S.K.: 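So that we are looking at the same thing, I have put the structure below in structure tokens.
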Amino acid sequence: MLEPSPPANTDPAWYADDPTDPSDATGHLVTPIPGEGTSWTQMATEHPELTDFAASHWLGCYRRLQPLPEGYDSTRRALHQLAFFAVAPKRHAATGKIGLRYTHGGFGTPFFAEGEQVRVEGGMLIRQAGESVSQARVITLSEACVFVEIPYRETWFEGFRDPLEPVGADTELLITQEAADAHGDWFGFGASVLEQVRRTEGAPEVGRLQLWPEHFDLGFEMGSGSHRATYGASPGDDRHPEPYLYVSPWEAGDKSNPFWNDRAFNGASLSYRILLESDDQHIAARDFYEHAYRLLG
């Protein structure tokens, strides 16, 4: 999976690697993907001292998602602002790329340039450059941009079809630690499931999992032609007050099957509430995605 984050990659196609691809591995492979080497859960069974590490990084020994804390929605909106106006622009300035990823306890850039990464963990903005790590609890976007050493711009990339509306450079960002931790768990859970779904045997034209700053959700594309769809995990949005998993077909097609239950984007979603009620949250999530894949043919 994408955590712990791999070193900087200078390949101009992505400026990031794909660590779930077993062809990139050398030596013994320890992986969150079942059947492609020793899983982290298996490794932790043999070495119990690794259990907490695997669980906290969503590599294996999975923890259950918990009810959302107070302040979740305001924290989501504030973290979205940080992702769009500070974290993603920092990566874009160095590589021309905007995609982010799950990182421990939150989200951030892949490593870039000379081993640099900007990430958000537990509501703290963290900047790592080589062995040097600094962190700050920023209150405004202007403070965040100063911390990562970029100018604050409300329009920094012309390619967005639906850019995020800025709250302003000096508006207070309402972030609580408990709610930020809940976001970190959601992105960890989503990444752990989606990286497994990406390895669906025989699936054509599978994209890479990325966290898109304009929508603030994890997603990748899979399938060809009329069967292609985006498979994703959102922490919530204006139409969905809680996190949800989703499948969004690229073409309209026949949506008469009640599985396609979300008219917000003409696709299907699985709510956080249903996940909380599931005996095995990972199995429920994978079943949701696999059912969508079968329906799409």
Side-chain angles (χ1 to χ4, degrees), residues 1-12 14-19 56-58 75-157 159-160 163-164 166-167 169-171 173 175 177 179-181 183-188 190-191 208-219 235:
M1 208 168 53
L2 298 177
E3 175 60 32
S5 296
N9 187 312
T10 57
D11 177 3
W14 294 95
Y15 291 106
D17 56 8
D18 184 3
S56 69
H57 290 74
W58 291 92
T75 295
R76 174 186 66 78
R77 294 175 186 275
L79 293 176
H80 192 176
Q81 292 281 322
L82 273 180
F84 189 83
F85 292 104
V87 181
K90 179 64 176 180
R91 185 190 184 205
H92 185 263
T95 66
K97 304 294 184 180
I98 65 171
L100 306 177
R101 58 177 51 175
Y102 160 66
T103 58
H104 182 229
F107 63 92
T109 69
F111 275 92
F112 58 89
E114 300 299 321
E116 185 169 359
Q117 183 185 52
V118 174
R119 60 185 184 268
V120 176
E121 180 178 343
M124 299 292 290
L125 187 58
I126 300 173
R127 185 180 181 188
Q128 181 170 344
E131 298 298 318
S132 174
V133 180
S134 55
Q135 62 181 18
R137 187 171 296 280
V138 297
I139 304 300
T140 65
L141 290 176
S142 60
E143 291 177 355
C145 290
V146 168
F147 181 73
V148 300
E149 296 185 318
I150 60 171
Y152 170 74
R153 294 192 180 99
E154 294 191 347
T155 303
W156 58 270
F157 177 61
F160 291 117
L164 179 65
V167 296
D170 299 313
T171 299
L173 301 176
I175 299 174
Q177 166 118 30
D181 288 342
H183 281 84
D185 282 339
W186 174 250
F187 286 137
R208 294 195 184 192
L209 181 64
Q210 300 195 74
L211 194 157
W212 296 108
E214 69 272 41
H215 298 137
F216 200 46
D217 64 356
L218 288 163

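As the structure is a prediction and not an experimental result, all values here were calculated from the model.
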S.K.: Quick one: does Arg153's side chain have a donor or acceptor within less than 3.5 Å of a partner on Pro89's backbone?
M.R.: no
S.K.: Rounded at 0.5 Å granularity, tell me how far CH2 in Trp156 sits from CZ in Phe85.
M.R.: 9.0 Å
S.K.: Nearest 0.5 Å please: distance from the CG atom of Leu209 over to the CZ atom of Arg101.
M.R.: 9.0 Å
S.K.: About how many Å separate CD of Gln117 and OG1 of Thr103, when rounded to the nearest 0.5 Å?
M.R.: 6.0 Å
S.K.: Below 4.5 Å, heavy atoms only, C-beta onward: do Val120 and His183 meet side chain to side chain?
M.R.: no
S.K.: Is the backbone N or O of Ala129 less than 3.5 Å from a side-chain atom of Glu116, with the two atoms forming a donor-acceptor pair by type?
M.R.: no
S.K.: Using every non-hydrogen atom in the two residues, find where Lys90 and Glu149 come nearest and quote the distance to one decimal.
M.R.: NZ-O, 4.0 Å
S.K.: Is the shortest side-chain heavy-atom distance between Gln177 and Arg137 below 4.5 Å?
M.R.: yes
S.K.: Using 30° and 60° as the class limits, which term best fits the ring planes of Phe216 and Phe107: parallel, tilted or perpendicular?
M.R.: perpendicular
S.K.: Looking at every heavy atom in both Tyr152 and Pro166, which two are closest together, and how far apart are they?
M.R.: OH-CB, 3.7 Å
S.K.: Can you name the nearest heavy-atom pair linking Ile126 to Phe147, along with the distance?
M.R.: C-CE2, 4.2 Å
S.K.: With rounding to the nearest 0.5 angstrom, report the OG1 to CG distance, Thr109 to Leu211.
M.R.: 11.5 Å
S.K.: Are the side chains of Arg119 and Gln128 in contact, using a 4.5 Å heavy-atom criterion?
M.R.: yes
S.K.: Would you indicate whether the side-chain heavy atoms of Leu173 and Val167 approach each other to under 4.5 Å?
M.R.: yes
S.K.: Kindly give the heavy-atom pair with the smallest separation between Pro213 and Ala83, and that separation in Å.
M.R.: CB-O, 4.0 Å
S.K.: Kindly say whether Asp170 contributes a backbone atom to a donor-acceptor pair with the side chain of Ser142 at under 3.5 angstrom?
M.R.: no
S.K.: State whether the side chain of His80 and the backbone N or O of Thr75 hold a donor-acceptor pair below 3.5 Å, judged by distance alone.
M.R.: no
S.K.: Nearest 0.5 Å please: distance from the NZ atom of Lys97 over to the OH atom of Tyr15.
M.R.: 7.5 Å
S.K.: Under the side-chain contact (heavy atoms from CB on, under 4.5 Å) rule, what do Asp185 and Trp58 come out as? Steps first, then yes or no, please.
M.R.: CA-CA 8 Å; Asp185 282 339; Trp58 291 92; 3.4 Å; yes
S.K.: Less than 4.5 Å apart, any side-chain heavy atom of Pro163 and any of Phe157?
M.R.: no
S.K.: Check Gly122 against Ala180 and note the closest heavy-atom contact, atom names and distance.
M.R.: C-CB, 3.7 Å
S.K.: Could you tell me if the side chain of Leu141 sits less than 4.5 Å from the side chain of Leu82, heavy atoms only?
M.R.: yes
S.K.: For Glu214 and Leu164: C-alpha separation, side-chain torsions, deciding distance, then whether side-chain contact (heavy atoms from CB on, under 4.5 Å) applies.
M.R.: CA-CA 6 Å; Glu214 69 272 41; Leu164 179 65; 5.8 Å; no
S.K.: Does any non-hydrogen side-chain atom of Leu125 lie less than 4.5 Å from one of Val87?
M.R.: yes
S.K.: Report the residue from Leu218, Leu100, Ile98 that forms a side-chain contact (heavy atoms from CB on, under 4.5 Å) with Trp212.
M.R.: Ile98
S.K.: How far does CZ of Arg76 sit from CD1 of Ile175, to the nearest 0.5 angstrom?
M.R.: 12.5 Å
S.K.: Closer than 3.5 angstrom, by distance alone: can the side chain of Arg91 be matched with the main-chain N or O of Pro110 as a donor-acceptor pair?
M.R.: no
